[in-house]
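Just so we're on the same page: letters track the sequence lines, and every chain starts at 1.
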Protein chains: 2
Amino acid sequence: MTERSSAPVKMTAGTSTLDLALRALEFLVAEGSPQSLASIAKTLNASKATILRHLVTLSAHGLVSQDRDSGRYEPAVKLLVWGEAIRSRFDVVPAARDSMVRLRDRTSQAVTLCGRIDGQLVVLELIQGRTVIEFGTRAGTRLDFHASAHGRVWLAFTDDAERERLLAEPLKPWTPHTIVDPDALRAELVEVRRRGWASAPDEIIISVNALAAPIFDHRGRQVGSLAIVGATQFIPSPPLESQIHDVLAAAEEVSRSLGWRPTP
Amino acid sequence: MTERSSAPVKMTAGTSTLDLALRALEFLVAEGSPQSLASIAKTLNASKATILRHLVTLSAHGLVSQDRDSGRYEPAVKLLVWGEAIRSRFDVVPAARDSMVRLRDRTSQAVTLCGRIDGQLVVLELIQGRTVIEFGTRAGTRLDFHASAHGRVWLAFTDDAERERLLAEPLKPWTPHTIVDPDALRAELVEVRRRGWASAPDEIIISVNALAAPIFDHRGRQVGSLAIVGATQFIPSPPLESQIHDVLAAAEEVSRSLGWRPTP
DNA sequence: AATAGCGTTTCAATAAATGAAACGCAACAC
DNA sequence: GTGTTGCGTTTCATTTATTGAAACGCTATT
């Protein structure tokens, strides 16, 4: 009965009971408001009894809670705690926060911090800009390596084998401006490595640009990337000299706070 | 076989399979580094095969991932996304962030933002102070209503029935200074409501004080509380006039950004 | 070479999840 | 007031899907 279309072929079974429970939890998180047991059961095509027992276990773990009055269910505090636990695995987050706010104040643009989790490029922290437009990006968003300023920075500063592995994957053309030719990208990455920053105008969303720089730790390994994100109206291509300077300075500030020192 | 000590008597069963899987996930989150399948299985007294299948399902949902090289398992990005989803249910978080940073800059003390989730008082956001000492508080931490400045503010500004319900519960004496007498607490709450702020010196940890003020939304309902937290050396009892002013101003600033207007 | 430990697979036994139906309780309609 | 509808919850027999032991490759260490 369990029909899933995500994984193509092999797969070593898995637990359908757990799968159902996680889908229930995911449903609760996706909905913005508490949901009734009946609606959860109907959405997942399961009996109320089954869902109820899973909700009981989930709430025993503090993952969901039941509204005292309405009897409806909603995701609970434990998810916040767990999320924060994951985030705090990255020293770069607390180290960068202050610099991010200052960078936002100097540039007025939204500031994002990315880290690499399990091979993926993930937005770890976001400081909203002071411009009118607000971007939909949130902590947890995954970015493409080939079509974002953050991703370019990572590609430019990782070792050759890893870079080639990432470039070998299909490069999604988000817009007509997205660079999808591996060779063109390699040429761009050489530039990024030389000058220390990357931008990606119109490559994911038309009229949006970003300007990113790498963050290194005391061992000289890249542990994050910092970027300002804003309309091309504010972050032109190429970016303003002052913006480049501000972003590079902020990233270096964070790197230094992590013990990084420039190689002589 | 499932022995749990949290809930006292009744309880309507629950799903042991799900329980095991969640304990596995919780274990991975608690450990700071990727764990081997064998160690998870041993810790939870389950067979490797069982744990493996649960990990497969968990990773299909993006909750855990397997390190490519070591083969070990670790919690994954989805937890960050879910945590952020819970947090963004509270409009007060983005609205307060800037004011929190400014308040930290003016007072040099750590700034915390609390909200009420499912009846509990939860730290939603934390800005580290500029003092030498760093506090262990993190987002997701739950606070007592009777023994914290945040809690006092909430007690003071909620309706009588709810307040009495909370005061009826046993009041844990964290330190000799913790107010555990309901009547003494009621008298204090009258004061809090009158002056608009609360403090709680030495009540959870000796030599630590906090100064909190409420945040209201456009309908005049309390949606959060803002506090500075620091050593009594920096936040005396009673707090400095300047500190009281700064905290009240910051809280009002956030309230106004949420559409609140002072009642004439 | 040999060993130890890992993640993974297989497979039969049985324990545990499941759905249908009934229950008690609200809120609402007539 | 009485009937109806919908909710969360409980019960229970059916059987499905979870389970652990053991065996399998594999890599790293001895």
Side-chain angles (χ1 to χ4, degrees), chain A residues 1-4 7 9-25 27-28 31 33-61 63-76 118-119, chain B residues 1-4 7-25 27-28 31 33-61 63-76 118:
Chain A
M1 184 178 285
T2 56
E3 41 186 345
R4 321 201 82 259
V9 267
K10 54 148 203 171
M11 271 253 244
T12 56
T15 320
S16 68
T17 297
L18 175 57
D19 181 73
L20 175 61
L22 291 179
R23 286 195 342 256
L25 183 54
F27 174 68
L28 286 180
E31 297 296 316
S33 57
Q35 295 294 312
S36 69
L37 169 60
S39 74
I40 304 170
K42 208 178 72 179
T43 304
L44 303 179
N45 291 319
S47 75
K48 288 194 291 179
T50 301
I51 299 296
L52 174 66
R53 296 174 63 204
H54 288 181
L55 288 173
V56 166
T57 306
L58 285 168
S59 64
H61 281 262
L63 292 168
V64 308
S65 63
Q66 191 173 19
D67 190 84
R68 204 192 314 278
D69 303 323
S70 68
R72 289 198 222 274
Y73 292 88
E74 59 185 332
D118 183 41
Chain B
M1 183 176 285
T2 56
E3 40 185 346
R4 320 198 86 259
V9 266
K10 56 151 202 168
M11 266 241 207
T12 58
T15 320
S16 69
T17 297
L18 175 56
D19 181 73
L20 176 61
L22 292 178
R23 290 202 330 263
L25 183 53
F27 174 68
L28 286 180
E31 297 296 316
S33 57
Q35 294 294 312
S36 69
L37 170 60
S39 74
I40 304 170
K42 207 179 72 178
T43 305
L44 303 179
N45 290 318
S47 75
K48 287 194 291 179
T50 301
I51 299 295
L52 174 66
R53 296 175 61 202
H54 288 181
L55 288 173
V56 167
T57 306
L58 285 169
S59 64
H61 281 261
L63 293 167
V64 308
S65 63
Q66 190 173 18
D67 191 86
R68 205 192 314 276
D69 303 323
S70 68
R72 290 197 223 276
Y73 292 88
E74 60 184 332
D118 181 42

| query | Taking the nucleotide of DNA chain C with the closest heavy atom to each, which residue, B:Ser36 or A:Ser47, is nearer the 5' end? | reply |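 Mapping each residue to its closest nucleotide by heavy atoms, the 5'-most match is B:Ser36.
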Would you say a side-chain N or O of [X] is under 4.0 Å from OP1 or OP2 of [N]?
| X | N | answer |
| --- | --- | --- |
| A:Tyr73 | D:dC7 | no |
| A:Gln66 | D:dT9 | yes |
| B:Ser16 | C:dA16 | no |

Figure out the [atom1]/[atom2] separation between [X] and [N], and round it to whole Å.
| X | N | atom1 | atom2 | result |
| --- | --- | --- | --- | --- |
| A:Ile51 | C:dG19 | CD1 | P | 8 Å |
| B:Lys48 | C:dC6 | NZ | P | 7 Å |
| B:Lys42 | C:dG5 | NZ | P | 10 Å |

| query | Residues in side chain to side chain donor-acceptor pair (under 3.5 Å) with B:Glu74, at least two apart? | reply |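 With neighbours one apart ignored, the set is empty.
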| field | Of the listed nucleotides D:dT9, D:dA17, C:dA16, the one nearest the side chain of A:Thr17 | value |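 Given the options D:dT9, D:dA17, C:dA16, the side chain of A:Thr17 is closest to D:dA17.
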| task | State which of C:dG7, C:dG19, D:dG8 makes the closest approach to the side chain of B:Leu37. | result |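 Output: C:dG7.
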| message | With nearest nucleotide decided by heavy atoms, which residue, A:Gln35 or A:Leu18, maps closer to the 5′ end of DNA chain D? | response |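 Mapping each residue to its closest nucleotide by heavy atoms, the 5'-most match is A:Gln35.
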| request: Please work out if B:Ala49 contacts a base, only the sugar-phosphate, or nothing of the nucleic acid, heavy-atom cut-off 4.0 Å. | output: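 Answer is base: heavy atoms of B:Ala49 come under 4.0 Å of a base.
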| side-chain contact (heavy atoms from CB on, under 4.5 Å) partners of A:Ala41, counting only residues at least two apart |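 Counting only residues at least two positions away or on another chain, A:Ala41 forms a side-chain contact (heavy atoms from CB on, under 4.5 Å) with A:Lys48, A:Ile51.
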| Looking at side-chain heavy atoms only, is the closest gap between A:Tyr73 and A:Leu52 below 4.5 Å? |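 Yes. Closest side-chain heavy atoms under 4.5 Å.
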